[in-house]
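Model, not experiment: these values are computed from the prediction. A, B, ... follow the sequence lines: proteins, then strands. Residue 1 opens every chain.
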Amino acid sequence: MMSKVPTADQARVAARDAHLAEIERVAPRLAAEPFARIAPLRAQAIARFGEVGMPGPREEAWRHVNLRPLFQSTFAVPEEWDEEAARQALALFTFAGLDATRLVFVNGRFAETLSTLPPLPGGAWVGSLRDALANGSDEVLAHLAHHAPIEDTPFTALNTAMFEDGALIVIPRGVVIEQPIHVLHLTVGPDPMITSPRTLALIGEGAQATLIESFAGHDTATHFTNAVSEIQVGPGAHVHHLKLQREGEDAFHVANTRAHLERDAHFASVNVTLGSQLTRNDMGARIDGEGAHCALDGLNMVSGAQWVDNHTLLDHAVPHCTSHQLYKSVLDDRATTVFNGRIIVRQDAQRTDAIQSNHSLLLSDTATAHTQPNLEIFADDVKCTHGATVGNLEEHKVYYLRTRGIGEAEARGLLTFAFANEIIERINVEPVREQLEAHLFARFHRPPESA
Amino acid sequence: MTEKTKQPAEAMSESDAIIEEFASKEYRHGWTTDIETETLPPGLSEEVVRWISAKKGEPEWMTEWRLSAYRQWLKMDEPHWANVEFPPVDYQAISYYSAPKGDKDRPKSLEEVDPKLLETYEKLGIPLREREVLAGVAVDAVFDSVSVATTFKGKLDELGIIFCSMSEAIREHGDLVRKYLGSVVPVGDNFFSALNSAVFSDGSFVYIPPGVRCPMELSTYFRINAQNTGQFERTLIVADEGAEVSYLEGCTAPMRDENQLHAAVVELVVLDDAKIKYSTVQNWYPGDEEGRGGIFNFVTKRGACRGKRSKISWTQVETGSAITWKYPSCLLIGDDSVGEFYSVALTNLRQQADTGTKMVHIGKRTRSTIVSKGISAGRGQNSYRGLVKVARSAENARNYSVCDSMLIGDRCGAHTFPYIEVGNTSSQVEHEATTSKIGEDQIFYCKQRGISEEDAVSMIVNGFCREVFRELPMEFAVEAQKLLSVSLEGSVG
């Protein structure tokens, strides 16, 4: 323990300054040749982060998340990484039987030797954002930091200031990619470090793709992952998106994911959080074209002292669109979850149909669930509903199973599994769904005691 | 609220002329009585707080209490988290004490009262005599409600019920007031409650002794000296063990008031097995079509269910004020205590309302119900903001919340901001909300049966609010229905 404990404000300022000092230290790397064209964006992002600093509990959007542990550690931008260690870690986080285009990033840098990049049809391109920037693509520059602008959150500005690489996915008009595209961000190393994963997906008109973003690590070091993903869904395009977070148990994970939907676009996202001590997800979609549909689903399965804060934002800017959100949490031990869902229906967005639900299942008396399902509606001809429940399993369901000869522990296990599995079922990639289901089942299934 | 209308020079001179004429007219009637001593110049300082306290003949502890509130207020900032917009309030431009109006500057008869106001009374079906009282007409001391009040007072005294103004209570029942005042809403609870604690003008005090069930609905309306309690009202109601009371605040008739800022504080204390039912109908001046001149209503209302099996029920119908900012709350401390909140909030014209409740479950098996109905019409913005907090100690707590919004017209907004925090497994918390509009088919059905569109809307809206109106005392419920119809006038078609 330090002799003097700094106040919350001092800790925030110190954390900001430490990050700024780290940016200063690696400035030559961040200003390297490939980033020449985004130099002004970088400068703005640094200025923005310096100005707003780290968020505090007095800001409404950060009220319920205790960032203090994050401020107390110092994180270095990673240098070299050990390929053998990465290869071993990778084996833990891939999916058996998954035939996918796989982009692997280790400590924020593209690892070509670990990636699988089969040729893609129709001019679709998947690869390193750094390389694309080096080749100077105007399309990339037009979208980068456009859907997740630096003003979104202080961490978005920090990522924009610091990212050294990222995944770029470009699916041209009308191209259908059958195989999922798996972007795996791996953190390996013994010392606390900050990584800034960045994803930009540009899905053209009528194109279809499945995108899996997974964040993983199994070290005990307190790594800090600060991710930003931007997904542009063109007219009539279909995108399935899965975000799977399986970081080390002492890690910090902050992510801002923004989708932009055009006319008749279809975007379905499943956001699964299993790891890290502190997670903050900002998941947002702006619906900008008529006839679009957006689904944002999520599952948190947390125990110990884990803390997960999910903020969703569905911005209906135009008429005749539908959206639904279903976020579920299973909490054990001293875990805390926060759900803050926001639906905005703007004045012109008549005939919007938006549903938002959040259900939390508490398995322990020391777990805490906060839920804030918010609606902001400026149009009159809309159908918007939201619902939230927090509590234990319903006793009559347990009773029903018991009358059928199933023991109490097994009945509770089954019901908990079923509760969580409602989200897992929505994952359209079979090997991933099966593995997660197996994980859930192992976690909750209590076999009957042998008679 | 944000736009300032620019008047052409011609209009300016015209209005100047009117003001001049008006001022000189008032002067001719000799309207200068004791301004120096009866009305404080604008501004707030320790001297002002001391002066108010001295003026009201308060004991030393009360003066100190006000001063400590004032000192805390100085350190606080005006809050801006609510979903409302208003121009900055200059707290030094407000006069914090003005003596009740003398008969001289009141209208002499109903003929002198604004005809628009009278028209509304007509629609609400208020009896003639009451209209005079409501419009502030100077009437002889003996009129119906006074005599009614006197009769009531006798009955209440018999039962040991104390029902009087706050100033009287501070003088006559100092111990009780000292014990409970500020115990539910602490002096420094928030910016407006601190301001109120420092400068509150008057209000009501109710004490129901153990085991007494108050035989009638208590209403400020029946309290003789309730008039002109001013903009900083303070109410304290204590229900001792096993006591029961139903309290009505406000009335359905539109109230005109020249004070733009209202910051009231209401505290309820409920001991073992006691019950308080608090009903409010608020219809302050909402401002004109452009939102000019309406009342800012920043109220802190909170009740503490201190005793086992105690109960607090808040029912409110909010149709007035340019800005309403109000969260009647329940602290459910005693085991098995119950909190209820039923609300109808209507915003029309350019009104803004940010209202809801807080239910804080602390005791075991505590239960709460929230039913909130928001109606937005015209350019109104209506927000529900509510907190349901279940502490670890609140085993088997139960909450059920519904907040429904209805939008009439496409220039208005309806927003919902529920906060739910649950800290144990045995509790169940449910929240539901829907937003809808009046269906074309519903209107068509009514019109088919010869009901005009306006009547149909009024019927549908009243049906939408039925769950809340059912909780209002009988005569209030009838008036509230009429009030909604009147407030919605012109918002359809």
I'd like to know if the side chain of B:H415 reaches the main chain of A:I377, judged simply by a donor and an acceptor atom lying under 3.5 Å from each other, with no hydrogens or angles considered.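 A pair under 3.5 Å: yes.
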Who among [options] has the most heavy-atom pairs with chain A under 4.5 Å?
options                        : answer
B:K389, B:H431, B:E432, B:E430 : B:H431
B:E421, B:R411, B:Q381, B:M406 : B:E421
B:S427, B:G413, B:A414         : B:A414
B:I438, B:V422, B:L407, B:T434 : B:V422

Search all heavy atoms of A:P373 against all heavy atoms of B:P418 and return the closest pair with its distance.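 For A:P373 versus B:P418, the nearest heavy atoms are O-CD, 2.8 Å.
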For the residue pair A:D365 and B:T425, what are the closest heavy atoms and their distance?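 Heavy-atom minimum between the residues: OD1-N, 2.8 Å.
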Mind checking the CD1-CD spacing from B:I420 to A:Q372? Nearest 0.5 Å is all I need.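 So the CD1 of B:I420 and the CD of A:Q372 are separated by 9.0 Å.
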So do the side chains of A:T368 and B:R392 get within less than 4.5 Å of each other, counting heavy atoms only?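 Sidechains of B:R392 and A:T368: in contact.
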Per-residue contact mode, [X] against chain B (heavy atom under 4.5 angstrom):
X      : answer
A:E376 : both
A:A388 : both
A:S360 : neither
A:I355 : neither
A:H359 : neither

For A:E59, does the CD atom sit with more than 12 other heavy atoms under 6.0 Å from it, leaving out its own atoms?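 Atom CD in A:E59 is packed in, count exceeds 12.
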Heavy-atom neighbours of A:R426 CZ exceed 12 at 6.0 Å: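 Correct, the count exceeds 12.
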My understanding is that only residues two or more places apart in sequence, or in another chain, count here; which of them pass side chain to side chain donor-acceptor pair (under 3.5 Å) with B:R385?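 Side chain to side chain donor-acceptor pair (under 3.5 Å) check on B:R385 returns B:D354, B:Y419.
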Throw together a table of side-chain donor-acceptor distances under 3.5 angstrom for residues 378-385 of chain A, partners on residues two or more places apart or in other chains.
{"from": "A:D380", "atom 1": "OD1", "to": "A:Q350", "atom 2": "NE2", "distance (Å)": "3.1"}
{"from": "A:D381", "atom 1": "OD2", "to": "A:R351", "atom 2": "NE", "distance (Å)": "3.0"}
{"from": "A:D381", "atom 1": "OD2", "to": "A:R351", "atom 2": "NH2", "distance (Å)": "3.1"}

For chain B, find which of [options] contributes the most heavy-atom pairs closer than 4.5 angstrom.
options                       : value
A:N358, A:V390, A:T389        : A:V390
A:Q356, A:Q347, A:E60, A:H386 : A:H386
A:G387, A:A369, A:G391        : A:A369

What part of B:E395 gets within 4.5 angstrom of chain A, counting heavy atoms only: side chain, backbone, both, or neither?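 Neither; nothing under 4.5 Å.
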Would you please go through residues 296-318 of chain A and name the residues with a non-hydrogen atom below 4.5 Å from one of chain B, in numerical order?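 Within residues 296-318 of chain A, near chain B: nothing under 4.5 Å.
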Only heavy atoms, only distances under 4.5 angstrom. Which residues in residues 327-345 of chain A are near chain B?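 So no residue qualifies.
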